[in-house]
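Below is one structure, written out as structure tokens, with a few remarks after it.
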Amino acid sequence: GGIWVGLGDGRLLRADASGLAEVMRFGDRVRDLIEDADGTLWVTADGLWRGRDGGWTQLGGNAGFPVLVLSSLIEDGDGDFWIGSGRGLFRVSRAVASAWQPGLPLPIVRYDTRDGLPTAAIDSGRAPGAWADADGRLWFASNAGLVEIAPTRMAVEPGPPVPALP
């Protein structure tokens, strides 16, 4: 057991019975993190990061995200990650992200005001930025207030590829 601590200077620390240790330093502040049932750590900072077996992989702009800075991160009841950003909300299958390898596209579904969201800026800058309620709805903090998502009612087919950052 232990506790993960993400800091504003980009450091990720792990506290356990042996003390406090720096595990990773990201290029931007740690905005959110999740440890899944397999022990894989998922971090939003300068991209989506996957940490397992002591190694780290960035699923950033080269994977298909149209923005590098990602914020809130939560997993729904179907095993999909929902990731907030300043340019919308992204849905990514955890199973697909777990198997993803550099150089391959990552199927991402993007939602914004065209899909009924009140704002595309799902980035409150605060943690936690996302919550799940007992009915499976997801709630995101945004600069325009709370945004509610019912994952089972949202389209799940990836749209056309979104331009990635160079």
Legend entry - Between CG on residue Leu33 and CH2 on residue Trp49, distance to nearest 0.5 Å: 14.5 Å

Legend entry - Closest heavy-atom pair and its distance - Ser85, Val69: CB-O, 3.9 Å

Legend entry - Heavy-atom side-chain proximity of Leu12 to Leu41 below 4.5 angstrom: yes

Inset, instruction - State, yes or no, whether a side-chain contact exists between Ile149 and Phe140 at a heavy-atom distance under 4.5 Å. - result: yes

Inset, instruction - For Asp133, check side-chain hydrogen bond (donor to acceptor under 3.5 Å, both in side chains) against everything at least two apart and list the hits. - result: Arg137, Trp139

Legend entry - Partners meeting side chain to side chain contact (heavy atoms under 4.5 Å, CB included) with Leu7 (sequence neighbours left out): Val5, Asp9, Arg11, Leu13

Legend entry - Non-hydrogen side-chain atoms of Leu138 and Asp76 separated by less than 4.5 Å: yes

Inset, instruction - Answer whether the closest heavy-atom distance between the side chains of Trp100 and Leu59 falls below 4.5 Å. - result: yes

Inset, instruction - Can you tell me which residue pairs pass the salt bridge (charged side-chain N to carboxylate O under 4.0 Å, His left out) test with a partner in residues 94-108, sequence neighbours excluded? - result: Asp36-Arg94, Asp38-Arg94, Glu75-Arg94

Legend entry - Check: Leu106 and Val92 side chains under 4.5 Å, non-hydrogen atoms: yes

Inset, instruction - List for me each residue that meets side-chain hydrogen bond (donor to acceptor under 3.5 Å, both in side chains) alongside Asp78, sequence neighbours excluded, and say none if there are none. - result: none

Inset, instruction - For Glu22, enumerate each residue passing the salt bridge (charged side-chain N to carboxylate O under 4.0 Å, His left out) test, keeping only those at least two apart in sequence or located in another chain. - result: Arg25

Inset, instruction - Indicate, with yes or no, if Val30 and Leu20 share a hydrophobic cluster defined by side-chain heavy-atom contacts under 4.5 Å among Ile, Leu, Val, Met, Phe, Trp and Tyr. - result: no

Legend entry - Any donor-acceptor N/O pair, Arg14 side chain to Gly19 backbone, under 3.5 Å: no

Legend entry - Path from Val109 to Ile122 over hydrophobic side-chain contacts below 4.5 Å: yes

Inset, instruction - Would you check if Ser98 and Trp42 make a side-chain contact, meaning some heavy-atom pair closer than 4.5 Å? - result: yes

Inset, instruction - State, with a plain yes or no, whether a side-chain heavy atom of Glu35 is found less than 4.5 Å away from one of Trp4. - result: yes

Legend entry - For the student: nearest non-hydrogen atoms of Asp28 and Ala45, plus distance: O-CB, 3.8 Å

Legend entry - Qualifying residue for side chain to side chain contact (heavy atoms under 4.5 Å, CB included) with Asp32, from Val43, Ile83, Leu73: Leu73

Inset, instruction - Return yes if some donor-acceptor pair links the side-chain N/O of Arg50 with the main-chain N/O of Ala97 below 3.5 Å, else return no. - result: yes

Inset, instruction - Report yes if the side chains of Ser93 and Asp80 come closer than 4.5 Å at any heavy-atom pair, otherwise no. - result: yes

Inset, instruction - Nearest 0.5 Å please: distance from the CZ atom of Arg29 over to the OG1 atom of Thr44. - result: 9.0 Å

Legend entry - Qualifying residues under side chain to side chain contact (heavy atoms under 4.5 Å, CB included), relative to Ala144, sequence neighbours excluded: Thr119, Ser142

Inset, instruction - Mind checking the OG-CH2 spacing from Ser72 to Trp131? Nearest 0.5 Å is all I need. - result: 8.5 Å

Inset, instruction - Please identify each residue that fulfils side chain to side chain contact (heavy atoms under 4.5 Å, CB included) with Asp53, with sequence neighbours left out. - result: none

Inset, instruction - Kindly write out the residues that satisfy side-chain hydrogen bond (donor to acceptor under 3.5 Å, both in side chains) with Asp115, not counting sequence neighbours, or none if the list is empty. - result: none

Legend entry - Close aromatic pair by centroid cut-off 6.0 Å: Trp82 and Phe90: no

Legend entry - From Ile34 atom CD1 to Thr40 atom OG1, the distance as rounded to the nearest 0.5 Å: 11.5 Å

Inset, instruction - Please identify each residue that fulfils ring pair (Phe, Tyr, Trp, His ring centres under 6.0 Å) with Trp56, with sequence neighbours left out. - result: Phe26

